[in-house]
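Everything on this sheet refers to the single structure shown next.
Keep in mind the model is a prediction, meaning the values are calculated, not measured. Residue numbers begin at 1 in each chain, while the letters A, B, ... track the order of the sequences.
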Number of protein chains: 2
Amino acid sequence: MQSTAEENYIKAIYKLSGGGESAVSTTALSESLETKPASVSDMLRKLSAKDLVHYVKYHGVQLTDEGHRVALKIIRKHRLWEVFLVQKLHFTWDEVHEVAEQMEHVKSELLIKRLDEFLGHPRIDPHGDPIPTEAGELREVEQRTLASLEVDQQGVVCRVKDSQPSFLQYLNRVGIQIGTQLQVMDKIPYDNSLEISIEKTKSVILSSDVLEKIFVINP
Amino acid sequence: MQSTAEENYIKAIYKLSGGGESAVSTTALSESLETKPASVSDMLRKLSAKDLVHYVKYHGVQLTDEGHRVALKIIRKHRLWEVFLVQKLHFTWDEVHEVAEQMEHVKSELLIKRLDEFLGHPRIDPHGDPIPTEAGELREVEQRTLASLEVDQQGVVCRVKDSQPSFLQYLNRVGIQIGTQLQVMDKIPYDNSLEISIEKTKSVILSSDVLEKIFVINP
DNA sequence: AAATTAATTTAGACAAACCTAAACATTTAT
DNA sequence: ATAAATGTTTAGGTTTGTCTAAATTAATTT
């Protein structure tokens with residue numbers, strides 16, 4: 001079992017290496033974690049002894065397979081909590097991170113299993129990033145703009161490109177947020193606007209401007 | 001702000017002193033926290049310096065007003081998370097404690113405010129213990145058996161006296177769990193059984209045996 | 001290719017939270 | 001009232017995770 005500090009290092013290595021591709025430098029880690037390079041060196045020696053990273057002095061670190069597995073577990077927890085905070089507790093995206101950062105370190109397999117069920121096995125977090133599966137697979141999800149959907153096709157909102165309050169308030173008013181289920185009911189050729197049904201209940205007409213700013217994934 | 005360790009000491013002092021009444025000994029704390037008495041002495045000196053406890057060497061500790069306030073905050077968090085785990089994630093009572101113990105240390109005022117709203121401002125936790133208010137008041141809630149309710153009176157289930165699996169399964173089947181809203185619809189004088197409506201939907205007839213084992217609070 | 005600069009590691013310290021062993025208070029028993 | 005037993009604290013040490021300052025290695029420039 002890893003300490004909170006170790007988990008944070010592993011997460012940072014994962015992020016900075018772009019999912020485990022490239023090696024990561026001590027300085028990059030020290031900036032990302034807001035610690036001094038000397039502290040990073042210390043910790044890398046420790047993680048290396050635990051076989052969580054492959055560390056060559058003066059030449060950076062990479063996660064081992066085990067380290068990679070641990071990283072995905074933490075990211076899964078982080079992103080599930082983000083979904084919970086936004087969808088159930090109505091946090092805004094910017095309020096979410098700091099809290100999820102703490103919750104991701106709570107140790108309980110059962111907790112995460114149940115949380116996942118409670119949230120309906122979400123595939124993406126409120127930022128549109130994919131949530132690793134229980135088995136530790138991270139499948140990238142194809143994201144498309146609402147404008148690219150054909151009549152009758154469905155999608156779940158995963159990202160919006162404009163974060164101006166006025167736009168977000170507009171979405172709020174029509175009832176669209178991350179996770180909302182949409183279906184294209186009709187296309188108006190005149191101006192390429194679409195009639196969209198929201199959660200299979202009400203329906204609205206969205207201009208092509210707006211359609212370009214809303215990203216969905218296939219359900 | 002207090003560390004996790006400090007919070008655990010404060011909580012333990014609160015519990016062992018019976019809510020802040022009597023003083024608590026070093027040994028009692030060391031047993032409760034599973035640490036050595038020497039470690040407790042260290043920490044008490046530290047908490048005393050922070051004015052969270054009133055500590056007289058060789059004569060035990062008590063919480064200061066500030067310490068008392070902090071204790072109630074932690075207990076509020078712990079009990080709200082317990083409600084969440086049981087009501088939303090379907091944890092059983094024995095699975096709850098260890099996890100809530102970790103979650104109670106997550107730092108975010110907003111989180112607790114929103115969690116409280118999300119859960120509908122519960123007044124008791126899954127064990128029937130009262131949840132301190134945001135303002136730090138802990139009002140004991142009068143608990144009565146279902147058998148003591150009159151026709152038309154309402155109650156929320158807060159505790160059951162029998163924890164045999166067969167009994168709990170029976171409750172499960174009729175749809176009764178902690179937090180369930182009940183109302184007495186009718187009394188059958190013949191055997192003192194009651195007709196009880198469950199969550200204002202279905203209704204069942206419960207024998208006086210069963211009625212004695214279910215405790216409710218006024219909503 | 002040597003010298004300078006930049007990045008990294010090592011060495012030695014520190015705070016938090018724990019420990020053991022020894023010293024010191026308090027309580028209890030004689 | 002004193003001695004024994006019990007409870008508590010102090011002193012000194014350990015681990016984790018951090019730090020600063022000095023030493024070392026790698027990269028860059030001339």
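- Residue Tyr58(B) has its side chain nearest to dA25(C) when only dA25(C), dT20(C), dA26(D) are considered.
- More than 12 heavy-atom neighbours from other residues, nucleotides or ligands sit within 6.0 angstrom of NZ on Lys15(B).
- The side chain of Pro37(A) has dT9(C) as its nearest neighbour among dT9(C), dT18(D), dT9(D).
- The side chain of Lys57(A) contributes no N or O atom lying less than 4.0 Å from OP1 or OP2 of dT24(D).
- Using a 4.0 Å heavy-atom criterion, one finds that Ser41(B) contacts the bases of the nucleic acid, with or without backbone contacts as well.
- Both tests do not hold together for Lys88(A) against Phe84(B): distance to the six-membered ring centre under 6.0 Å, angle to the ring axis within 45°.
- Residue-level contact check: Thr26(B) touches the backbone only, with heavy atoms under 4.0 Å from sugar-phosphate atoms and none from bases.
- Side chains of His78(A) and Asp125(A): no donor on one and acceptor on the other come within 3.5 Å.
- Leu44(B) has its CG atom 17 Å from the P atom of dG7(D), to the nearest Å.
- Between Met43(A) atom CE and dT18(D) atom C1' there is a gap of 10 Å when expressed in whole angstrom units.
- Side-chain N/O atoms of Tyr9(B) include none lying less than 4.0 angstrom from OP1 or OP2 on dA16(C).
- Counting to the nearest Å, the C1' atom of dC19(C) and the CG atom of Leu33(B) are 15 Å from each other.
- Within 4.0 Å of Ser39(A), counting heavy atoms only, lies at least one base atom of the nucleic acid.
- Look at CD on Gln2(A): it is 20 Å from P on dT15(D), rounded to the nearest Å.
- Looking at the side chain of Lys36(A), the nearest of the listed nucleotides dT20(D), dT27(C), dC19(C) is dT20(D).
- When each of Gln2(B), Glu6(B), Glu66(B) is paired with Lys50(B), the side-chain hydrogen bond (donor to acceptor under 3.5 Å, both in side chains) condition holds for Glu6(B) and for no other.
- When the P atom of dA11(D) is taken as reference, atom CG of Asp42(B) falls 11 Å away, rounded to whole Å.
- A straight line from CZ of Arg45(B) to P of dA16(C) spans 11 Å, rounded to a whole angstrom.
- Ala38(A) comes within contact range of at least one nucleobase, with a heavy-atom separation under 4.0 Å.
- For the pair His59(A) NE2 and dA27(D) C1', the interatomic distance rounds to 11 Å; values are reported in whole Å.
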Give the C-alpha distance, both sets of side-chain angles, the deciding distance and a yes or no for side chain to side chain contact (heavy atoms under 4.5 Å, CB included) between Glu104(B) and Arg79(B).
CA-CA 8 Å; Glu104(B) 78 192 4; Arg79(B) 293 185 179 165; over 6 Å; no
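- If you measure from atom CG of Asn8(A) to atom C1' of dT18(D), you get 14 Å, rounded to the nearest angstrom.
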